[in-house]
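Structure first, then comments.
Chain naming here is simple, since letters A, B, ... match the order of the sequence lines and numbering starts at 1 in each. Predicted, not measured: the structure shown is a model, and the values here were computed from it.
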Amino acid sequence: MADELSIRNLHVQVEGKEILKGLDLIVRHGEVHAIMGPNGSGKSTLANTLAGHPKYVVTDGEILYKGESVLAWKPDERARRGIFLAFQYPMAIPGVTVANFLRTALNARRKAVGSNGAAKAVSIPEFRKLMLQRMEMLKLDPTFAARYLNDGFSGGEKKRVEILQMAVLNPEMAILDETDSGLDIDALRIVSEGVNALRGPQLGVLLITHYQRILNYIKPDFVHVLVNGKFAISGGPELALQLEEKGYDWLKEISPEEMGTGK
Amino acid sequence: MVDQVVSSKQVQAGFSRNAIELLSQSKQEPEWVRARRLEAWHLYEETPMPPPTDELWRRTPLQDLNLASVVPYAPPLIGGDILRALPPKLAHAANNTSAGGLLVQYNSSGAYERLADELKQRGVIFCDLDSAIRDHPALVREYLMTRAVTFTENRYSSAKPAIGKTGKHEGGGYGDTIGDLKFTTLHGAFFSGGTFLYVPRGVVVDLPLQSLTYFDEPNLAVFAHSLIILEEGASVKLIEEYASKETEAQRFSSGAVELILKPGSSLQYFHLQDFARNVWHFTSQTALLERDTSLTWLTGTLGSQMTKAFLDCKMIGTGTNASLLGFFFGDGQQHFDQHTFQNHIVGHSTSDLLYKGALKDKAYSAFRGLIRVNPEAQRSDAYQANRNVLLSQHSHADSIPELEIEANDVRCTHGATVGPIDPDQLFYLMARGIDQGEAERLIVEGFFDPLMQKVPLEPVRDELASAIRAKMGSWKSSL
Ligand SMILES: Nc1ncnc2c1ncn2[C@@H]1O[C@H](COP(=O)(O)OP(=O)(O)OP(=O)(O)O)[C@@H](O)[C@H]1O
Ligand SMILES: [Mg+2]
């Protein structure tokens with residue numbers, strides 16, 4: 001079975017309104033795909049749909065992961081199978097500490113990975129070691145472990161903690177929805193280095209961004225531009241530079257034949 | 001009846017004057033106590049059972065309450081080790097050295113007491129109420145149901161009618177209500193056992209004190225009374241827990257709590273109720289705050305079939321600061337009906353209330369929070385928030401703030417929410433691989449966590465956490 005996420009002719013509605021209007025895209029393990037596009041074009045809708053948010057209704061098309069349809073899987077099952085979404089707007093969960101939450105999530109993921117009987121829950125000392133090591137990598141103060149999840153965190157802190165979760169849970173298909181927004185220049189470098197450290201043949205990345213800057217750190221293999229619920233054009237890393245210079249307006253003049261279809 | 005303890009013979013069912021005489025005789029009480037009991041009984045007989053039309057009782061109908069079959073008290077323990085007879089969830093108390101003292105009330109009487117020598121030497125008194133009547137009669141006589149929980153005034157009735165012209169309750173008055181009088185008079189007639197705590201002037205007690213009330217006698221009615229007195233500048237923390245054994249028969253509990261804070265004193269009081277599901281529990285609690293006092297008052301309601309609670313925080317001195325906290329979690333057919341009263345009698349005082357509840361299955365909660373600021377009580381700050389999470393379709397919560405603000409220089413806010421778990425919070429946790437049941441458990445535990453963290457004994461926090469987990473049901477150990 002191919003280690004890939006395959007999106008075919010995806011149509012998605014939110015509250016009765018069609019937002020995604022036929023997307024095709026294949027992300028293989030080991031690849032980084034950047035998705036850019038104007039505000040409201042449907043980037044987060046795609047991210048939330050992949051993660052299984054119940055509000056996003058797939059009306060047509062298919063999403064396959066490693067050859068299996070994910071559509072019937074609940075969000076937790078998708079996550080346990082290795083799909084990870086770093087949220088554009090992470091939710092605060094007051095009263096639940098970062099450490100408690102992460103350990104619960106890690107145990108859920110490990111149980112799934114070791115589902116052939118090898119399921120071993122992580123011990124508390126082992127977990128602490130892992131968490132602290134990942135926190136250090138992301139230059140997060142260890143006191144964050146005891147804080148309530150995202151409760152009162154600054155915008156940049158929330159984004160860092162999203163990547164902390166990714167680093168602890170070790171997913172196979174990571175969707176990063178504007179993880180760079182709200183990060184200061186140093187934090188952007190630290191977080192990017194964190195993501196790069198996790199890159200490898202076992203990890204596919206779908207990186208949603210508005211800015212070229214993060215792509216200087218996390219070099220994409222492909223760049224796709226989403227306009228009004230469809231991919232307007234796809235290309236290599238140079239496409240992002242072009243967009244930085246020219247904006248999105250010129251895309252609206254491209255004829256349908258020239259449009260990319262993802263990959 | 002647990003086998004580690006032995007009591008003497010049975011008492012007849014039903015409340016009567018004769019039962020009071022027998023109770024008083026068996027305790028060999030002084031005449032003034034007997035007289036007070038009989039006075040309370042007289043008032044009880046004169047007070048009608050609150051009808052369903054009573055504004056303060058219409059959410060809690062009493063027709064299924066069967067008082068005829070309950071036994072008014074149980075004779076004291078005459079042998080055995082009560083600490084070994086405690087149910088597993090309270091067993092931690094027996095060897096918890098981080099508490100400065102421990103009392104256990106078993107059925108109707110005190111059965112165990114321990115207080116650190118150092119605290120005894122500094123004049124702290126911590127014993128059951130019967131012992132206090134015997135050994136410290138002047139103190140008890142002065143304070144027992146004379147100032148805080150009394151049955152001579154009806155603090156809830158008001159000249160204003162409860163029902164306005166619209167035919168709906170309009171707030172600002174309960175009209176001609178019986179309030180808590182029916183059950184406080186009964187309590188005044190039959191109180192037994194309970195907790196007496198006296199902290200002398202200037203004495204600061206660091207280690208928390210703990211008091212347990214446990215009953216297992218069939219058909220028993222318990223009347224636990226807590227009388228807590230802090231002299232000027234005193235400071236103490238007290239955790240009280242209530243539990244009972246599950247049996248078929250309906251059981252009855254009518255408790256009273258009196259918290260008396262002299263100027264400059266500071267009290268943290270925790271009242272944690274986890275009775276079995278056959279108990280009808282009535283409780284009247286009053287705190288009396290003199291000037292420059294500070295009170296943290298937390299009630300936890302997890303058990304009972306029905307709980308009807310009246311909590312009155314009376315600020316009679318300036319510079320007082322009261323934090324009223326509550327958590328409750330109802331499941332099955334549990335029914336909780338709680339009234340809080342932020343009673344600003346004089347000004348320059350702050351009351352801040354936060355009650356949080358979760359309800360599942362067919363559980364019901366009514367929360368009525370009254371804030372009254374007298375015309376003389378300028379510069380009062382009163383805040384109130386009640387948050388309810390509904391975990392099932394058939395659970396229900398009514399949340400009713402009531403404001404009677406008669407001063408103009410006042411800061412006052414109130415807010416109530418009733419609703420399911422936020423679906424976006426749920427999605428966020430599930431998107432990390434946590435299944436729905438576990439995600440809901442985390443969110444609900446998190447919802448209560450800031451209140452749990454206030455409880456100053458770790459074994460008690462653990463006990464509460466496992467009670468909440470058990471209620472969430474789907475819990476599996478994540479270790
Ligand atoms: N839960 C929702 N309820 C209603 N409308 C929604 C919801 N989610 C998305 N939409 C609408 O769908 C469209 C696409 O939104 P989406 O968040 O996917 O855009 P985006 O490309 O991520 O934009 P941005 O760059 O601003 O993050 C917008 O018009 C948005 O208002
Ligand atoms: Mg977006």
Is it the backbone or the side chain of A/Asp151 that comes under 4.5 Å from a heavy atom of chain B, or both, or neither?
neither

Chain B heavy atoms under 4.5 Å from A/Leu106: which part of the residue, side chain, backbone, both or neither?
neither

Kindly indicate, with the supporting measurements, whether the criterion side-chain contact (heavy atoms from CB on, under 4.5 Å) is fulfilled by A/Asp76 and B/Glu438.
CA-CA 11 Å; A/Asp76 52 317; B/Glu438 184 108 333; over 6 Å; no

Verdict with reasoning, A/Arg80 to B/Asp435, per side-chain contact (heavy atoms from CB on, under 4.5 Å):
CA-CA 10 Å; A/Arg80 288 195 298 271; B/Asp435 69 40; 4.1 Å; yes

How far apart are the C-alpha atoms of A/Val96 and B/Ile443, what are their side-chain angles, what is the distance that settles it, and do they pass the side-chain contact (heavy atoms from CB on, under 4.5 Å) test?
CA-CA 7 Å; A/Val96 178; B/Ile443 291 168; 5.7 Å; no

Taking side chain to side chain contact (heavy atoms under 4.5 Å, CB included) as the test, write out the residues that go with A/Asn39, two or more places apart.
A/His210

Quick check on A/Pro171 against chain B: is it the side chain, the backbone, both or neither that has a heavy atom closer than 4.5 Å?
neither

More than 12 heavy atoms from other groups under 6.0 Å of CZ on B/Arg277:
yes

Heavy-atom neighbours of B/Gln393 CD exceed 12 at 6.0 Å:
no

Please name the pair of heavy atoms, one in B/Arg432 and one in A/Leu169, separated by the smallest distance, quoted to 0.1 Å.
CD-CD1, 3.8 Å

Candidate pair A/Ile93 and B/Leu442, rule side-chain contact (heavy atoms from CB on, under 4.5 Å), full reasoning:
CA-CA 9 Å; A/Ile93 316 282; B/Leu442 274 177; 6.0 Å; no

Okay, A/Lys74 and chain B: the region with an atom under 4.5 Å from a heavy atom over there is side chain

Hey, which residues of residues 129-140 of chain A are touching chain B, say heavy atoms under 4.5 Å apart?
none

Sort by residue number and list every member of residues 44-53 of chain A having a non-hydrogen atom under 4.5 Å from chain B.
A/Asn48, A/Ala51, A/Gly52, A/His53

Does the plane of the ring in A/Phe101 sit parallel, tilted or perpendicular to the ring in B/Tyr428? Use 30° and 60° as the thresholds.
parallel

Taking all heavy atoms of A/Ala79 and all of B/Ala431, pick out the closest pair and write down the distance.
CB-O, 3.3 Å

What's the shortest heavy-atom distance between A/Ala108 and B/Gly433, and which atoms?
CB-O, 3.2 Å

Can you tell me how far apart CG (B/Asp424) and CZ (A/Phe87) are? Round to the nearest 0.5 Å.
8.5 Å

Salt bridge (Lys or Arg N to Asp or Glu O under 4.0 Å) with B/Glu458: which residues, sequence neighbours excluded?
none

